Visitor: 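This structure is in structure tokens; I'll ask about it shortly.
On a predicted model such as this, the values are computed, not experimentally measured, just so you know. All chains are named by letter (A, B, ...) in the order of the sequence lines, taking the proteins before the strands, and each is independently numbered beginning at 1. The figures here come from the full heavy-atom set of this structure, side chains too, leaving out hydrogens, waters and symmetry mates.
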Amino acid sequence: MSSTKTPILAASNFIRQIIERDIEQGTYATRRWAGSPGDAAYQAAGLPDPAKIRTRFPPEPNGYLHIGHAKSICLNFGLARDYDGVCHMRFDDTNPEKEEQEYVDSITDAVQWLGFGWEAFGTSHLYYASNYFDFMYRAAEALIQSGHAYVDQQTAEEMRANRGTLTEAGKDSPWRNRPAEESLALFREMRDGKHADGSLILRAKIDMAAPNINLRDPAIYRIKRATHHNTGDKWCIYPMYTFAHPIEDALEQITHSICTLEFEDQRPFYDWLLERLVEAALLAQPLPKQYEFARLNLTYVVLSKRKLIELVENHHVSGWDDPRLPTLAGARRRGYTAEGFRLFAERIGVSKADSWIEYTILEDCMREVLNISAERRIAVLDPIKLVINNYPENQSEDCFAPNHPLKPELGKRVVPLTRELWIEREDFEETPPKGYFRLTPGGLVRLRYGYVVKCTGFETDADGKITVVHCEYLPDTKSGTPGSDSIKVKGNIHWVSVNHAYAAEVRLYDRLFKEAHPGAGDSNYLDDINPNSVKTIIAQLELSLKEAHAEDRFQFERHGYFVADRKDSVAGRPVFNRTVTLRDAWQK
RNA sequence: UGGGGAGUCGCCAAGUUGGUUAAGGCACUGGGUUUUGAUCCCAGCAUCCGAAGGUUCGAGUCCUUCCUCCCCAGCCA
């Protein structure tokens with residue numbers, strides 16, 4: 001009947017095909033691994049690498065991870081898992097001005113929360129680009145000595161001007177052909193702090209007329225006096241991403257270096273650099289290869305770092321973990337599950353085509369996972385009182401509600417029925433629209449897990465707003481008793497005993513943006529913010545919910561999936577966040 | 001109007017070297033089950049693969065031309 005639908009089966013994609021081909025052809029079979037990252041000589045002394053492939057997830061610790069990163073994480077770690085390889089957790093921390101320890105902590109948390117780890121073949125594979133600064137420096141000197149790099153002293157403005165344009169070739173720097181010894185001496189002075197920030201820069205010497213702008217002598221090492229979160233003040237020069245990343249991959253014996261499309265133009269430099277370092281005997285073949293895939297675009301969401309920061313700093317949301325934010329920290333508070341994200345990642349696939357995934361796909365994945373895993377509970381979110389006039393006062397009767405309709409082994413729990421109950425305001429209509437089959441004057445409806453009742457009247461306040469609904473119950477119709485369904489009713493509404501309820505704070509979240517493409521065209525994405533993205537209410541919950549622990553997830557029957565907020569819940573007084581509603585085929 | 005990529009059903013996405021009727025998922029539409037208008041089950045859903053030509057017995061898969069979209073001119077990653 002149910003649960004066999006969720007198994008996550010990996011679909012074919014171009015990256016898997018490349019990996020399968022490489023494994024079949026033994027492309028990386030000769031690699032050796034000495035137990036940790038290192039240069040050619042070090043690795044050569046190692047054993048054949050037990051990992052069939054090595055991938056890596058290389059975030060810069062300068063922000064929080066979001067749903068887009070989840071795609072990359074699932075891809076890289078998932079590939080390693082599926083092909084007997086390992087995925088390195090690597091912080092690409094080459095720019096000390098932007099990076100902080102706080103971010104590395106939140107990132108490792110998020111990756112582990114998603115269900116992945118970096119312990120494999122007996123060791124941890126948590127690495128930092130900054131741990132390779134010594135090697136990078138060595139590689140830079142080797143490049144200078146082989147005539148493949150030089151120290152330029154043009155200003156940033158001059159460099160930009162001489163880079164040319166998309167259609168015009170650039171001009172050689174006047175310092176381009178200075179002797180290698182001179183560049184070497186200058187580079188060492190840069191390292192030794194003898195020059196001001198920005199006054200000198202190390203550039204690769206390739207071709208100022210290259211049609212690919214990234215090959216027009218790209219900057220590879222800059223002077224930047226900043227305290228690094230990891231290396232402190234040891235260095236005042238830092239490598240650029242362009243230079244550092246290929247080296248990081250090579251030192252770690254990465255086989256498949258998977259990144260997003262915008263790095264495609266960078267690949268020729270990636271290969272050029274590594275080949276030069278092989279010539280310098282610093283690295284050995286086979287070299288890692290870079291492959292690019294399309295980053296995730298999700299409707300009704302913004303994923304750009306700049307916009308996320310703006311939303312947080314300008315208090316459009318409560319913080320980086322606001323449940324409305326697409327950050328992993330936010331999604332977690334919202335109640336989204338790691339398994340749901342993994343399902344999502346497989347479901348959307350991997351390709352090179354720019355695409356926009358409909359947000360409902362993500363929600364569906366969460367529903368699919370939660371439907372199987374979440375126990376059911378009863379919650380009245382917008383209460384009005386229902387009085388059963390023919391039911392004795394001071395009487396209480398046990399009704400039995402299954403904890404999970406798909407898993408009878410989880411048993412049932414007792415919910416007490418009394419004369420006065422809370423029911424959902426929308427479950428009563430004085431003048432029902434066509435097709436409405438809940439409570440109406442004179443109509444019958446079943447109190448879920450209890451009796452069938454007949455509406456006998458209702459009360460309103462001065463504004464005509466319904467305050468109390470009256471009914472009478474039919475004694476022989478109690479759920480679970482013989483003949484209880486002799487009277488068929490289509491409507492089935494939930495309820496909570498007034499005397500046995502837990503009045504709790506519940507946050508009803510909706511999407512943060514009301515437009516599928518926030519800020520599309522000339523509009524400002526901030527103007528597309530949904531003013532009703534959260535509604536905080538006091539709901540009447542069945543008493544058992546009072547004991548819920550932070551991050552416990554439930555399906556509130558007929559409403560949706562909710563989670564006890566991991567931040568604001570207190571023992572004995574949990575607060576709930578709505579993760580996602582149930583599907584609703586009833587259009588009102 | 002330089003370079004690099006991408007265009008297969010509303011949204012994703014398979015489609016190995018050209019070979020019967022173009023996978024699958026989501027959405028949608030019918031029908032069934034159901035004490036959640038949920039779930040689940042069944043059925044339907046591209047004569048067509050950005051366009052136009054061409055090669056071939058045969059093309060989404062090869063060739064030509066064209067169109068559209070994305071990325072690149074940080075001492076960011």
Side-chain angles (χ1 to χ4, degrees), chain A residues 1-3 5 9 11-13 17 20-21 58-60 62 92-95 97-98 152 154-156 159-161 163-170 197-203 209-216 218-224 238 240-242 244-245 259-268 292 294 299 305 346-361 364-365 367-368 371-372 376 378 401-402 405-406 435-438 446-450 452 479-480 484-485 488-494 555-560 581-587:
Chain A
M1 168 175 182
S2 64
S3 60
K5 192 176 172 185
L9 297 177
S12 172
N13 63 52
Q17 288 178 7
E20 284 162 20
R21 181 206 61 201
E60 181 185 16
N62 71 341
D92 207 350
D93 54 354
T94 58
N95 186 351
E97 289 176 342
K98 298 182 170 181
D152 195 354
Q154 293 181 100
T155 62
M159 269 181 64
R160 190 185 336 112
R163 187 152 30 230
T165 68
L166 294 179
T167 54
E168 302 165 66
D197 286 17
S199 61
L200 295 178
I201 192 158
L202 185 66
R203 290 229 257 171
N212 178 346
I213 289 181
N214 297 292
L215 262 22
R216 316 241 264 228
I220 58 180
Y221 246 106
R222 76 285 218 186
I223 304 172
K224 190 183 285 262
Y238 291 95
M240 301 281 290
Y241 163 87
T242 316
H245 208 89
C259 61
T260 43
L261 254 28
E262 67 269 27
F263 294 103
E264 227 154 3
D265 291 344
Q266 214 88 72
R267 187 169 5 113
E292 310 84 14
T299 58
K305 199 163 280 181
E346 287 304 335
R347 192 161 280 180
I348 62 178
V350 177
S351 77
K352 299 192 68 155
D354 294 304
S355 59
W356 281 86
I357 305 295
E358 293 168 342
Y359 195 79
T360 53
I361 302 278
D364 259 327
C365 289
R367 286 191 185 101
E368 192 165 323
N371 178 47
I372 302 302
R376 314 287 121 124
I378 301 167
L406 306 175
Y436 185 87
F437 53 72
R438 279 111 94 167
R446 174 173 292 280
L447 295 178
R448 194 160 166 74
Y449 310 128
V452 170
S479 293
S484 65
D485 51 2
K488 297 286 186 192
V489 291
K490 199 166 186 195
N492 194 315
I493 67 175
H494 62 274
Q555 181 198 98
F556 287 177
E557 296 197 36
R558 302 212 299 137
H559 284 303
T581 62
L582 248 30
R583 269 212 198 73
D584 185 6
W586 167 247
Q587 327 289 358

Visitor: Find the partner of B:C69: check Watson-Crick (N1-N3 plus N6-O4 or O6-N4) and G-U wobble (N1-O2, O6-N3) distances, both under 3.5 Å, and reply none if neither fits.
Guide: B:G5

Visitor: Just call it for A:Gly435: base, sugar-phosphate, or nothing, with non-hydrogen atoms closer than 4.0 Å on any strand.
Guide: base

Visitor: The side chain of A:Asn371 is closest to which nucleotide in this list: B:U39, B:U35, B:C72?
Guide: B:U39

Visitor: Where along nucleotides 12-19 of chain B does protein come under 4.0 Å, by heavy atom, of base (B) or sugar-phosphate alone (S), with - for untouched nucleotides?
Guide: SSSS----

Visitor: Reckon A:Tyr449 touches a base, only the sugar-phosphate, or nothing at all at heavy-atom distances under 4.0 Å?
Guide: base

Visitor: When the C1' atoms of B:U17 and B:A13 are compared, how many Å lie between them, rounded to an integer?
Guide: 22 Å

Visitor: Is A:Arg448 salt-bridged to A:Glu557, cutoff N-O under 4.0 Å?
Guide: yes

Visitor: Hunt down the Watson-Crick or G-U wobble partner of B:C45, both distances under 3.5 Å, from any strand shown, or write none.
Guide: none

Visitor: A:Glu264 side chain: which of B:G74, B:G5, B:A77 is closest?
Guide: B:G5

Visitor: What distance, rounded to whole Å, do you find between the two C1' atoms, one in B:C12 and one in B:G18?
Guide: 26 Å

Visitor: Are the ring of A:Tyr241 and the six-membered base ring of B:A77 within the stacking cut-offs of under 5.5 Å and under 30°?
Guide: no

Visitor: B:A22 and B:C45: how far apart are their C1' atoms, nearest whole angstrom?
Guide: 14 Å

Visitor: With a 3.5 Å cut-off and just heavy-atom distances, do the side chain of A:Arg160 and the base of B:G74 make a donor-acceptor pair?
Guide: no

Visitor: Within the structure shown, what part of the strands sits under 4.0 Å from A:Gln555 by heavy-atom distance: base, sugar-phosphate, or nothing?
Guide: base

Visitor: Report which part of the nucleic acid A:Tyr238 touches: base, sugar-phosphate, or nothing (heavy-atom distance under 4.0 Å, all strands).
Guide: nothing

Visitor: Which nucleotide in the list B:A77, B:C26, B:G37 gets nearest to the side chain of A:Arg583?
Guide: B:C26

Visitor: By ring-ring contact (aromatic ring centres under 6.0 Å, His included), which residues pair with A:Tyr359, not counting sequence neighbours?
Guide: none

Visitor: With a cut-off of less than 4.0 Å, is there a side-chain N or O of A:Arg558 near OP1 or OP2 of B:G37?
Guide: yes

Visitor: Nearest to the A:Asp584 side chain among B:C71, B:G37, B:G74, which nucleotide is it?
Guide: B:G37

Visitor: Kindly assign one of parallel, tilted or perpendicular to the pair A:Trp586 and A:Phe437, based on the angle between their ring planes and the thresholds 30° and 60°.
Guide: tilted

Visitor: Distance between the P atoms of B:C71 and B:G58, in whole angstroms?
Guide: 41 Å

Visitor: Taking only the C1' atom of each, what is the distance from B:U20 to B:C57 in whole angstrom?
Guide: 14 Å

Visitor: Is A:Glu368 paired with A:Arg347 through a side-chain N to carboxylate O contact shorter than 4.0 Å?
Guide: yes

Visitor: Answer with base, sugar-phosphate or nothing: what part of the nucleic acid does A:Arg446 contact at a heavy-atom distance below 4.0 Å?
Guide: base

Visitor: Can you tell me how far C1' in B:G60 sits from the matching atom in B:G74, rounded to whole Å?
Guide: 41 Å

Visitor: For A:Tyr449, enumerate each residue passing the ring-ring contact (aromatic ring centres under 6.0 Å, His included) test, keeping only those at least two apart in sequence or located in another chain.
Guide: none

Visitor: Quick check for you: among B:G10, B:G37, B:C72, whose closest atom lies nearest to any side-chain atom of A:Phe437?
Guide: B:G37

Visitor: If you only use heavy atoms from C-beta on, which nucleotide in B:U36, B:A73, B:A27 is closest to the side chain of A:Glu557?
Guide: B:U36

Visitor: Considering only B:C76, B:G5, B:G37, which nucleotide approaches the side chain of A:Asn95 most closely?
Guide: B:C76

Visitor: How is A:Asp92 classified with respect to the nucleic acid when contacts are heavy atoms under 4.0 Å: base, sugar-phosphate, or nothing?
Guide: sugar-phosphate

Visitor: With syn defined as a glycosidic angle within 90° of 0 and anti as everything else, classify B:G30.
Guide: anti

